Amino acid sequence: MSTTRPYSPGDRDPEQDAAAEASAGGQVRRLGFEGASGVVPLARDFARQALYAWGWLPAATADRRAAAEDVLLVVSELVTNACLHAEGPDELAISCDNKVIRVEVSDRGTGQPAPRTPHRAGRPGGHGMFIVQRLCLDWGVVRLPGVAGKTVWAELGAPA
């Protein structure tokens, strides 16, 4: 599902989410990219470390392993899109609760990410947001008034 909602249907607004996350023991990790090179592998390594810390890895089953790999792929796609279309990423944030992992990539770009339609599987390039759309429960874009750039977010279900 492609969306421009700043948060998932039925969720609270971002300020309420932050307060609820703190009280519910939600886990958040942030990585700034200022001055960094090789940001895609850096982001994947950072996400992998978070998945280990949160118990998603090492995966005991094929389904759990696939869920962790989906998270790493979404991180790669969102960071790559920021590199290709938005002057590079500013920050990666990953948050986790018992049901959902949320990946957020902030950048200074003005463009609007969207899956390429129609999707042409045999052609190179243009698959990033299509992949994100297929793997995630939901995704969207947050733009704050008076602030340059945006945050692209995606949510994936926690493994059973």
Side-chain angles (χ1 to χ4, degrees), residues 1-33 39-86 89-107 109 112-119 121 126-144 150-160:
M1 164 192 281
S2 154
T3 181
T4 56
R5 289 186 304 272
Y7 41 90
S8 300
D11 280 356
R12 296 169 296 270
D13 66 52
E15 291 80 21
Q16 289 174 322
D17 281 343
E21 187 174 275
S23 66
Q27 304 172 77
V28 179
R29 293 187 175 221
R30 298 183 184 281
L31 173 65
F33 292 106
V39 295
V40 175
L42 180 65
R44 281 182 67 89
D45 289 344
F46 177 80
R48 187 177 291 107
Q49 290 171 9
L51 293 174
Y52 272 103
W54 296 335
W56 284 49
L57 291 172
T61 66
D63 286 345
R64 291 179 68 84
R65 192 168 25 263
E69 288 299 323
D70 288 350
V71 170
L72 297 176
L73 180 55
V74 168
V75 166
S76 295
E77 293 299 337
L78 294 182
V79 172
T80 297
N81 278 355
C83 291
L84 294 174
H85 306 292
D90 291 332
E91 182 182 71
L92 166 66
I94 305 174
S95 58
C96 180
D97 63 23
N98 292 334
K99 296 179 184 177
V100 174
I101 191 162
R102 182 174 173 113
V103 176
E104 299 179 357
V105 176
S106 300
D107 62 52
Q112 183 73 14
R116 208 176 261 181
T117 304
H119 180 254
H127 305 289
M129 292 311 295
F130 180 79
I131 291 168
V132 170
Q133 177 179 293
R134 294 295 300 253
L135 292 178
C136 294
L137 300 170
D138 203 4
W139 69 276
V141 178
V142 176
R143 292 184 191 276
L144 299 176
K150 65 187 172 299
T151 299
V152 181
W153 61 266
E155 294 180 339
L156 299 98

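Excluded from the calculations below are hydrogen atoms, water molecules and symmetry mates; all remaining heavy atoms, backbone and side chain alike, are included. Computed from a predicted model, the values in this text were never measured in an experiment.
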Can you name the closest pair of heavy atoms from [X] and [Y] and give their distance?
X      : Y      : result
Gly109 : Ala86  : CA-CB, 3.6 Å
Pro89  : Asp107 : CA-CB, 4.3 Å
Arg44  : Leu72  : NH1-O, 3.1 Å
Ala43  : Leu31  : CA-CD2, 4.2 Å
Leu135 : Leu156 : O-CD2, 4.0 Å
Val79  : Phe33  : CG2-CZ, 4.5 Å

Between Arg102 and Ser95, is there a side-chain donor-acceptor contact under 3.5 Å, judged purely by atom types and distance?
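There is no such pair (donor and acceptor under 3.5 Å, judged by atom type) between the side chains of Ser95 and Arg102.
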Using 0.5 Å steps for rounding, measure from the [atom1] atom of [X] to the [atom2] atom of [Y].
X      : Y      : atom1 : atom2 : result
Arg30  : Glu104 : CZ    : CD    : 6.5 Å
Glu77  : Gln133 : CD    : CD    : 13.0 Å
Leu73  : Arg134 : CG    : CZ    : 13.0 Å
Gln112 : His85  : CD    : NE2   : 12.5 Å
Glu69  : Ser76  : CD    : OG    : 9.5 Å

For the residue pair [X] and [Y], establish whether any side-chain heavy-atom pair is separated by less than 4.5 Å.
X      : Y     : value
Val75  : Phe46 : no
Val103 : Leu78 : yes
Ile101 : Leu51 : yes

Arg29 side chain to Ile94 backbone, donor-acceptor under 3.5 Å
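Side chain of Arg29 to backbone of Ile94, a donor-acceptor pair under 3.5 Å: no, none is there.
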